[in-house]
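Report on one structure; see the data block that follows.
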Amino acid sequence: MGERGPWKRRIVTLVVVWGWMPALAWLLWWVLALLMPGFRINQSYAHLLRRWFFPDGDLTAVTALGWLWVAAGLVVTALAVGWIESEAFDFDAGAAALAWGSAVLAVVVLAWPFTAVLWDNDKDAGRYYSGATVFHVPDLDRPPGSLTDLLRGARPGDGRACDRLGGHDVRSCVKKDTAYSSLRWEARTSSLAAARTAMNNAASPVQRVDVMDMTLTYLWGEADNTGRWSAVLDGSGIRQPMYGVAEWDGVTNTARVCRFAGDYRIDRAFGGSRKNSLRNLLAERYPRLVYDDTDIWGYCENDRPVVVIPVQRQIGYAQRTVQTSGGVLVLRGSAGGRPVVQYRPRARPGELPGPVYSISLVRAQRDATQWSAGREHRNRSSFGFEPSDFETQSENPGEYLLRGSDKRLYYVTPLTPRGSESQALIAYGVAPADQSDSGRLNRYDVYVLADGDPQVASLGTLKAQAVAHISGPSSPYPNFLNSGGALQEFVPLGGDTWRVYGVQNGQTAFYIDLSATGRVRPKTVAPGQDGQEGEDPKVTAPSGEEKDRREGCGRSVREMTDRQLTECLGELADELRRRSTTGG
């Protein structure tokens with residue numbers, strides 16, 4: 001009995017040292033579940049525990065913070081056993097072995113697993129997202145300068161999915177093709193800034209109802225180059241539920257609103273509190289699914305609003321957690337006001353009119369490109385790509401939801417070199433937006449243009465072209481920039497063509513289609529007048545004879561300005577090239 005006494009004390013000490021933190025975590029979970037059932041904090045608490053300590057929910061993987069806790073526990077064990085035994089009992093060989101063994105193990109944990117996991121923690125996130133990334137280059141023998149660090153020491157690929165694999169410890173797939181030159185995007189009819197103004201006007205008459213700015217989404221129409229902006233009109237506080245969805249076609253002065261009302265209500269709101277919180281309800285029903293506000297969008301199904309949320313799942317990867325696709329939630333109203341929620345773990349193109357893949361996941365995949373050439377080049381050479389911060393893009397630098405010639409939806413982001421003040425758009429990030437599979441990332445394609453490629457656009461040059469065009473004597477908007485107007489949001493149309501919006505007082509007055517190479521004469525179009533030269537209603541339209549004199553290359557060259565003469569010579573050169581290649 002005497003032999004077992006000291007070890008009983010030591011076992012009790014070990015249970016107290018190692019058990020108090022799990023016991024406290026369990027007690028906090030129990031208190032939250034008892035006092036605040038159905039609150040989102042329960043979901044957040046469970047996710048935080050996995051993110052901070054055990055990514056897989058068990059001891060098979062431990063985070064850096066988890067290993068730090070282990071080391072701290074070993075240190076406390078050594079001190080506790082040593083103090084108890086030396087102060088109250090005889091400090092025998094067993095106590096010495098336990099105390100010194102714990103101290104040695106603490107040093108080992110801090111020197112190896114803790115340090116290794118902490119060092120690779122951020123790179124492991126890059127590894128996960130980069131696994132679904134493919135870089136496209138036109139020539140592997142003469143790669144773009146922005147990919148030099150990636151391709152230095154590259155290994156041969158399989159020749160199908162990847163022609164080269166980066167020579168670093170992050171998987172980097174490189175494919176040789178000129179695919180981007182054939183991609184074409186349909187243009188939006190109005191800018192984000194104008195849509196925000198129209199939506200705020202739609203929501204303003206209702207108390208405690210506001211536009212969820214993050215939910216502004218462009219939805220494409222059935223016909224080419226048609227579409228509308230949508231936004232969720234959300235309630236707030238403890239009583240005001242979600243109001244509906246606003247849609248604006250970019251032409252009319254007011255937005256259309258379809259409401260959650262009558263026998264089609266949702267008696268909760270994203271901005272609601274207590275029992276009015278829609279976030280709490282979704283967290284209670286789907287504790288493993290999370291989302292950002294930028295992922296939420298809505299649309300009007302005839303006269304009934306529908307809210308869609310591309311969701312994410314937190315999963316364990318290496319010794320940490322990452323976010324992956326979780327499918328999509330579709331919310332509709334009901335006669336009782338309780339949301340009718342349909343969860344689709346898989347969504348296919350065409351099933352919904354907007355995106356079903358999380359835009360915040362695409363941003364994580366884009367940011368992870370900086371890890372593709374390894375830690376050294378990420379830190380010392382600033383390898384990677386990022387959206388432009390040019391003044392025209394301040395309202396919306398990307399990712400742009402665009403529709404391709406295949407009628408599918410994509411997130412498209414013009415990219416500049418990371419860590420550079422250059423505004424040259426040397427690459428384009430493209431990811432499918434209309435499909436998702438729970439647990440899988442959509443492929444992220446980065447099309448990197450060759451150095452000197454005429455499709456490499458400079459936003460400064462594009463803006464100068466647009467300013468020169470609308471300031472010319474034949475422009476219907478010669479005083480636009482001097483009267484409070486601004487050019488906003490250059491959006492790619494494919495190849496070297498772009499669209500920029502003229503925004504005044506929060507409204508799109510016109511848009512300009514132009515090319516980076518200047519080979520196509522810029523065209524100004526007023527909303528709702530596609531294919532026609534726009535006219536400012538505040539400017540007196542010229543007579544037919546005057547208009548004929550101003551426009552066209554058939555008039556006397558003595559009447560042309562230098563810029564007009566240059567444009568006409570360019571059109572003549574383009575036509576000669578076309579005839580030489582087509583035989584007539």
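Starting from 1, each residue takes its place in the sequence as its number.
Without hydrogens or angle criteria, Ser436 side chain to Val356 main chain gives a donor-acceptor distance under 3.5 Å. Listed for the Asp158 side chain is a donor-acceptor partner under 3.5 Å among the backbone atoms of Arg160. Thr63 contributes a side-chain N or O that, together with a main-chain N or O of Trp52, makes up a donor-acceptor pair within less than 3.5 Å. With hydrogens and angles disregarded, no donor-acceptor distance shorter than 3.5 Å links the side chain of Gln319 to the backbone of Asp120.
For Tyr317, the ring-ring contact (aromatic ring centres under 6.0 Å, His included) partners at least two apart in sequence or on another chain are Tyr128. Shown here are the side-chain contact (heavy atoms from CB on, under 4.5 Å) partners of Asp56, two or more places apart in sequence or in another chain: Asp58, Thr60, Ala61. Every residue meeting the ring-ring contact (aromatic ring centres under 6.0 Å, His included) condition with Trp18, not counting sequence neighbours, appears here in chain and number order: Trp69. For Glu284, the side-chain contact (heavy atoms from CB on, under 4.5 Å) partners two or more places apart in sequence, or in a different chain, are Leu281. Residues meeting the side-chain contact (heavy atoms from CB on, under 4.5 Å) test with Ser458, sequence neighbours left out: Thr461. Judged as a side-chain contact (heavy atoms from CB on, under 4.5 Å), and not counting sequence neighbours, the contacts of Val62 are Phe54, Trp67. Trp229 pairs by the ring-ring contact (aromatic ring centres under 6.0 Å, His included) definition with Tyr218, not counting sequence neighbours. In terms of the ring-ring contact (aromatic ring centres under 6.0 Å, His included) criterion, Trp371 has no residue partners (sequence neighbours excluded).
Rounded to the nearest 0.5 angstrom, Ile309 CD1 and Trp297 CH2 are separated by 11.0 Å. Taking NZ from Lys176 and NE2 from His136, the interatomic distance works out to 14.5 Å, rounded to the nearest 0.5 Å.
Here salt bridge (charged side-chain N to carboxylate O under 4.0 Å, His left out) pairs that include residues 373-385, with residues two or more places apart or in two chains, are Asp122-Arg375, Glu376-Arg380. Pairs engaging residues 128-185 under the disulfide (SG to SG under 2.5 Å) rule: Cys162-Cys173 [sequence neighbours left out]. Pairs of residues two or more places apart, or lying in two chains, never qualify as disulfide (SG to SG under 2.5 Å) while including a residue from residues 126-161.
Between Arg142 and Asp451, no side-chain nitrogen of the basic residue sits less than 4.0 Å from a carboxylate oxygen of the acidic one, so the salt-bridge criterion is not met.
Residue Ser191 is tested with Val503, Leu487, Asn396 for a side chain to side chain contact (heavy atoms under 4.5 Å, CB included); the sole match is Val503.
Of the N and O atoms on the side chains of Ser358 and Gln312, at least one donor lies less than 3.5 Å from an acceptor on the other residue. Asp389 and Gln423 form a side-chain donor-acceptor contact under 3.5 Å, judged by distance and modelled atom types alone. Gln314 and Arg51 share a donor-acceptor pair across their side chains, judged by distance under 3.5 Å alone.
Cation-pi contact between Arg408 and Tyr357: absent, since separation from the ring centre below 6.0 Å together with deviation from the ring axis within 45° is not met.
Heavy-atom neighbours of Ile41 CD1 from other residues, nucleotides or ligands within 6.0 Å: at or below the threshold of 12. Within 6.0 Å of the CZ atom in Arg288, the count of heavy atoms belonging to other residues, nucleotides or ligands does not exceed 12. Atom CZ of Arg348 sits in a crowded spot, with more than 12 heavy atoms from other residues, nucleotides or ligands closer than 6.0 Å.
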Go through the steps to decide whether Tyr400 and Glu489 satisfy the test side chain to side chain contact (heavy atoms under 4.5 Å, CB included), and finish with yes or no.
CA-CA 10 Å; Tyr400 300 115; Glu489 205 174 301; 4.1 Å; yes

Would you mind writing out the side-chain donor-acceptor pairs for residues 23-31 within the sub-3.5 Å range, not counting sequence neighbours?
none

